[in-house]
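Each remark here refers to the structure printed beneath this line.
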Amino acid sequence: MPELPEVETIKRTLSRNITGQKIKACEIRLAKLVRPEPEIFSDLVKDKKILGLKRRGKFLLFHLSQDLFLLFHFRLTGQLIYTQNGPEPPYTHLRFDLENGKLFYADLRQFGTIEALRKDELLHHPSLLKLGREPFDLTAEEFYSLLKGRRRKLKALLLDQSVIAGLGNIYVDETLFRAGLHPAREASSLSFKEASNLHQIICEVLQEAIATGGSSVRNYVDGEGKNGRFQEQHLVYGKRGKPCPRCGTLISYTTIASRGTHFCPVCQR
DNA sequence: GGGCTCCTGGAT
DNA sequence: ATCCAGGAGCCC
């Protein structure tokens with residue numbers, strides 16, 4: 001599920017509710033979800049205070065007291081929902097009991113992961129070390145240099161978390177449409193002007209998506225269980241066979257970079 | 001690069 | 001009954 005805007009929204013909506021609270025206990029019902037194993041995980045987080053939340057790419061990080069960290073990755077259907085006294089969401093696999101409420105991790109497809117890490121383990125975490133730059137931190141020149149010399153398809157490159165962190169299938173399709181670029185274009189074929197424009201559009205789309213609370217196309221909800229609204233702004237994602245909002249040509253749907261891909265065959269070159 | 005895998009459920 | 005789904009690690 002969540003790409004950068006959704007994880008950022010979860011971070012913000014949770015942060016205001018749980019920062020400063022202590023984890024009194026946690027119940028793990030799906031052992032493979034956590035690392036290390038459940039008994040150790042529970043012992044590690046018990047009585048730790050939540051000091052703050054951060055996002056890196058599609059990862060969410062809790063900074064706990066005693067320099068312990070929780071690293072969440074939601075994959076496709078993970079949800080992290082805080083409530084003071086509301087009901088438990090369906091597919092809940094883990095429950096944190098906080099001082100003033102409960103924090104549920106739910107995940108229909110069970111692909112998500114939650115790791116408890118010491119600071120030195122966090123700093124040497126392979127997935128985090130491999131991660132590319134945050135889109136907002138790049139200059140146009142730096143973004144252009146990421147594309148230069150890459151013979152891969154533009155879409156494959158943008159989905160690669162080691163190149164740029166945080167984009168997923170929805171936002172790649174949406175940004176490439178807005179930039180008028182074909183997803184199968186060779187990345188290195190972009191001019192500086194095209195690359196610079198694409199980078200600016202990526203930043204604008206992600207900012208707008210964050211401002212509207214992310215895209216709820218399937219089962220994404222924020223840290224308070226609420227839907228986002230950016231799906232209302234989608235122009236091509238999920239619009240196969242519908243007219244292109246710019247030229248009226250029917251939106252194509254094919255597989256590119258092993259992912260379902262929506263684009264306008266006329267507007268995107 | 002692409003294919004397979006981890007899972008469950010909704011659409012066709 | 002079959003295909004498809006906001007992800008990514010592992011295998012050629």
Determine whether P265(A) and T249(A) make a side-chain contact, defined as any pair of heavy atoms from C-beta on separated by less than 4.5 Å.
yes
Rounded off to whole Å, could you give me the [atom1]-to-[atom2] distance for the [X] and [N] pair?
X: I10(A); N: dG7(C); atom1: CD1; atom2: P; answer: 13 Å
X: F72(A); N: dG7(C); atom1: CZ; atom2: P; answer: 19 Å
X: D160(A); N: dG9(C); atom1: CG; atom2: C1'; answer: 13 Å
X: L33(A); N: dC7(B); atom1: CG; atom2: P; answer: 12 Å
X: F59(A); N: dG7(C); atom1: CZ; atom2: P; answer: 13 Å
X: L30(A); N: dC7(B); atom1: CG; atom2: P; answer: 9 Å
X: L71(A); N: dG7(C); atom1: CG; atom2: P; answer: 17 Å
X: N219(A); N: dG7(C); atom1: CG; atom2: P; answer: 13 Å

Check: residues 124-136 of chain A side-chain donor-acceptor pairs under 3.5 Å, at least two apart:
residue	atom	partner	partner atom	Å
H124(A)	ND1	D120(A)	O	2.7
H125(A)	ND1	S127(A)	N	3.3
H125(A)	NE2	E115(A)	OE1	3.2
H125(A)	NE2	E115(A)	OE2	2.9
R133(A)	NH2	D137(A)	O	3.2
R133(A)	NH2	E142(A)	OE1	3.2
E134(A)	OE1	R55(A)	NH1	2.9
E134(A)	OE1	R55(A)	NH2	2.9
E134(A)	OE2	R56(A)	NH1	3.0
E134(A)	OE2	G57(A)	N	2.7

Rounded to the nearest 0.5 angstrom, the CZ-CD1 distance for R185(A) and I256(A) is 13.0 Å
Taken to the nearest 0.5 Å, the spacing of Q268(A) CD from L181(A) CG works out to 7.5 Å
The correct list of stems in which DNA chain C takes part (3 or more consecutive Watson-Crick or G-U pairs, distances under 3.5 Å) is B:1-6 with C:7-12, B:8-12 with C:1-5
Show me the donor-acceptor pairs, under 3.5 Å and distance only, between side chains in residues 21-30 of chain A and residues at least two apart or in other chains.
residue	atom	partner	partner atom	Å
Q21(A)	OE1	E99(A)	N	3.1
Q21(A)	OE1	N100(A)	N	2.7
Q21(A)	NE2	N17(A)	O	3.0
Q21(A)	NE2	Y82(A)	OH	3.0
E27(A)	OE1	R29(A)	NE	3.4
E27(A)	OE1	R29(A)	NH2	3.3
E27(A)	OE1	R95(A)	NH1	2.6
R29(A)	NH1	E88(A)	OE2	2.8
R29(A)	NH2	E88(A)	OE1	3.0

Next on the checklist: In whole Å, measure the gap between the P atoms of dC4(C) and dG3(B) for me.
Outcome noted: 13 Å
Roughly how many Å apart are dA8(C) and dG9(B), using the P atom of each and rounding to a whole number? 23 Å
Polar pairs (N or O, both sides) under 3.5 Å between protein and nucleotides 10-12 of chain C?
none

Of the candidates dC7(B), dT8(B), dG2(B), the side chain of K32(A) sits closest to dC7(B)
Output one line per pair: protein atom, nucleotide atom from nucleotides 2-4 of chain C, and distance, for all N/O pairs under 3.5 Å.
residue	atom	partner	partner atom	Å
dC4(C)	O3'	Y253(A)	OH	3.4

Ordered by number, residues from residues 102-115 of chain A within less than 4.0 Å of DNA chain C (heavy atoms) are R109(A), F111(A)
Answer with yes or no whether the side chains of H93(A) and D107(A) bring together a donor and an acceptor at under 3.5 Å.
no
